[in-house]
Amino acid sequence: QLQLVESGGDLVQPGGSLRLSCAVSGFTLADYTIGWFRQAPGKERKGVSCSSSSDGNTYYAESVKGRFAISRDNAKNTVYLQMNSLKPEDTAVYFCARERPAPPYGDRCLHSYSMDYWGKGTPVTVSS
């Protein structure tokens, strides 16, 4: 059964760090691009970062560049999102998703329409 399961969300103070994990099963992680998305209350879901399986490139939303880092361990079937210098505006439910198979095309993997399977999300709250 194909699954993506997020974990690691928590309540953290501004300036703090968290590492989210996305454990995948039912497919070979090395063959797929994976993205992280987030949805704040009352707002639309937006791409945060993604890791391309075809060329190894990584992409980031402007709002998280320099603070977040995506990585993958194909042997462990897990993708990580290291989040540093967290801000209250980073508060959201964070989702990981698998990109629909397609030729690589820049930062397309930051867009929800390119994804075919989603996890259920993990909540992150940044507050003092």
Side-chain angles (χ1 to χ4, degrees):
Q1 183 180 2
L2 195 153
Q3 281 189 313
L4 298 95
V5 180
E6 304 91 339
S7 62
D10 205 346
L11 169 64
V12 62
Q13 291 188 343
S17 297
L18 278 177
R19 188 177 79 159
L20 305 183
S21 299
C22 172
V24 311
S25 59
F27 64 96
T28 301
L29 178 59
D31 294 339
Y32 286 88
T33 292
I34 301 293
W36 282 99
F37 296 76
R38 66 186 182 187
Q39 187 167 19
K43 296 189 176 181
E44 64 179 10
R45 189 174 301 184
K46 293 186 176 180
V48 175
S49 180
C50 53
S51 168
S52 172
S53 62
S54 59
D55 55 17
N57 286 341
T58 57
Y59 301 91
Y60 297 91
E62 285 296 327
S63 59
V64 306
K65 278 183 179 178
R67 299 189 298 124
F68 290 12
I70 191 171
S71 61
R72 61 165 69 203
D73 186 334
N74 290 332
K76 294 184 177 179
N77 293 317
T78 303
V79 179
Y80 304 98
L81 184 68
Q82 178 66 43
M83 307 188 296
N84 300 324
S85 302
L86 283 162
K87 305 175 182 180
E89 51 264 43
D90 295 317
T91 295
V93 178
Y94 283 71
F95 302 86
C96 62
R98 189 186 82 166
E99 188 181 42
R100 189 173 295 109
Y105 188 81
D107 66 356
R108 180 186 59 212
C109 53
L110 287 178
H111 299 276
S112 298
Y113 64 75
S114 70
M115 302 302 179
D116 61 359
Y117 287 93
W118 293 80
K120 295 183 178 181
T122 185
V124 172
T125 302
V126 184
S127 175
S128 55

Without swapping roles, check the side chain of Tyr60 against the backbone of Ile70 for a donor-acceptor pair under 3.5 Å. yes

Closest heavy-atom contact between Met83 and Val124? CE-CG2, 3.9 Å

Of all heavy-atom pairs between Pro101 and Asp116, which one has the smallest distance, and what is that distance? CD-OD2, 3.9 Å

Is there a donor-acceptor pair closer than 3.5 Å between any side-chain N or O of Asp73 and the backbone N or O of Lys76? yes

Can you check whether Trp36's main-chain N or O pairs, donor with acceptor, with Ser49's side chain at less than 3.5 Å? no

Treating Thr125 as the side-chain partner and Leu11 as the backbone partner, does any N or O pair qualify as donor plus acceptor under 3.5 Å? no

How would you list, by chain and number, every residue that makes a side-chain hydrogen bond (donor to acceptor under 3.5 Å, both in side chains) with Glu44, sequence neighbours excluded? none

In short, Cys109 meets Thr33 closest at the heavy-atom pair CB-CG2, 3.6 Å

Is it the case that Ser54 and Ser52 place a side-chain donor and acceptor less than 3.5 Å from each other? yes

Can you name the nearest heavy-atom pair linking Ser53 to Ala30, along with the distance? CB-O, 3.4 Å

State yes or no: do Leu29 and Tyr117 share one hydrophobic cluster built from I, L, V, M, F, W and Y residues joined by side-chain heavy-atom distances below 4.5 Å, directly or via other members? yes

Quick one: does any side-chain atom of Gln82 pair with a main-chain N or O of Phe68 as donor and acceptor, under 3.5 Å? no

Looking at Asn84 and Ser17, what are the two nearest heavy atoms and their distance? OD1-OG, 3.0 Å

Is the side chain of Arg98 donor-acceptor paired with the backbone N or O of Leu4 at a distance under 3.5 Å, no angle test? no

With rounding to the nearest 0.5 angstrom, report the OH to CD distance, Tyr113 to Glu99. 9.0 Å

Checking side-chain polar atoms at under 3.5 Å, does Arg100 have a donor or acceptor matched by the opposite partner on Ser114? no

Are the side chain of Ser25 and the backbone of Leu2 linked by a donor-acceptor contact shorter than 3.5 Å? no

Candidate list Lys46, His111, Met115, test side chain to side chain contact (heavy atoms under 4.5 Å, CB included), partner Phe37, passing option: Met115

Main-chain N/O of Val126 paired with Gln13 side-chain donor or acceptor, under 3.5 Å: no

Do the side chains of Leu81 and Val12 join up, straight or via other hydrophobic residues, at under 4.5 Å, putting them in one cluster? yes

Kindly confirm or rule out a cation-pi arrangement of Arg72 over Tyr80, judged by NZ or CZ under 6.0 Å from the six-membered ring centre and within 45° of its axis? no

Kindly compute the distance separating CG (Leu86) from OG1 (Thr91), expressed to the nearest 0.5 Å. 8.5 Å

Grab the two heavy atoms, one from Ser128 and one from Pro14, that are nearest each other, plus how far apart they are. N-CD, 3.7 Å

Establish whether Phe27 and Val79 are linked, either directly or via other cluster members, by ILVMFWY side-chain heavy-atom contacts under 4.5 Å. yes

Could you tell me if Arg38 and Tyr94 have a donor-acceptor pair between their side chains, going purely by distance under 3.5 Å? yes

Test side-chain contact (heavy atoms from CB on, under 4.5 Å) applied to Gln39 and Phe95, step by step: CA-CA 8 Å; Gln39 187 167 19; Phe95 302 86; 4.1 Å; yes

